[in-house]
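Treat the numbers as computed from the prediction; the structure is a model and nothing was measured.
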Amino acid sequence: MNTETFIIGNKEYTATRMNAFDANLILLKIQKIVLPLFGSIKGQQGKISDLMDMDLKEAASILADNLNEDTFKNIVFPMFDKSNVYSAEAKRKIKSAPDVDIVFTAENLFDLYELIWEVALFNFRPFFQQITGRFGLRPAGEQ
């Protein structure tokens, strides 16, 4: 089992890599959110960068138009559940709205979004790196 530790703010979280079937089900749901990021990268005049290395603030501004309450119900919570996302400080698995309320506050709400980003990168980076390479979104030397 592949486990990753994330330090966000001053708190520690862990996640395990999802199995292939669960990851695929979530990937099918996130494609509509991720496709605008591909368009943003492709639209950069001659400057092609890797989607997974995109700055969190830049990605957040693009994603903000595509996130809503259903995103949490249908994508984030299932991804957190299947990845066994765990808060070391709260000693709690994060997989629902009540868990978020216990682990996060209004003062550290951005940490939640950073955790979402990190868990998504952890699970889907290899897939998106292959896609960006195959569709010419990375420089030729990196393909």
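- Each of Tyr86 and Tyr113 belongs to its own hydrophobic cluster when Ile, Leu, Val, Met, Phe, Trp and Tyr are linked at side-chain heavy-atom distances under 4.5 angstrom.
- Following chains of ILVMFWY side-chain contacts shorter than 4.5 Å, one can reach Leu109 starting from Leu115, so the two form part of one hydrophobic cluster.
- Of all heavy-atom pairs spanning Glu12 and Glu89, the tightest one is N-OE1, 2.9 Å.
- Neither Phe110 nor Ile102 shares a network with the other; the hydrophobic side chains, linked directly or stepwise wherever heavy atoms of I, L, V, M, F, W or Y lie under 4.5 Å apart, form separate groups for each.
- Scanning both residues, Leu112 and Phe72, for their nearest heavy atoms gives CD2-CE2, 4.0 Å.
- To the nearest 0.5 Å, the span separating CG on Asn84 from CD1 on Ile94 amounts to 11.5 Å.
- Across all non-hydrogen atoms, the minimal contact from Ile26 to Met18 is CD1-SD, 3.6 Å.
- Remark: Ala90 engages Ser87, Arg92, Val103 in a side-chain contact (heavy atoms from CB on, under 4.5 Å) (not counting sequence neighbours).
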**Q.** side-chain contact (heavy atoms from CB on, under 4.5 Å) between Phe80 and Asp99, intermediate numbers included
**A.** CA-CA 11 Å; Phe80 275 19; Asp99 300 325; over 6 Å; no
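- The side-chain heavy atoms of Leu25 and Lys82, taken from C-beta on, include no pair separated by under 4.5 Å.
- Residues Ile75 and Ile116 are members of one and the same hydrophobic cluster, defined by side-chain heavy-atom contacts under 4.5 angstrom among Ile, Leu, Val, Met, Phe, Trp and Tyr.
- Taking every heavy atom of both residues into account, Thr16 and Phe122 meet most closely at C-CE2, 3.4 Å.
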Which pairs of donor and acceptor atoms, one on a side chain in residues 1-8, lie under 3.5 Å apart (sequence neighbours left out)?
none

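- If you take CG on Asp111 and CD on Glu118, they are separated by 11.0 Å, rounding to the nearest 0.5 Å.
- The one candidate from Val119, Asp22, Asn74, Val85 that meets the side chain to side chain contact (heavy atoms under 4.5 Å, CB included) condition with Met79 is Val119.
- Between the NZ atom of Lys93 and the OG atom of Ser83 there is a distance of 9.0 Å, given to the nearest 0.5 Å.
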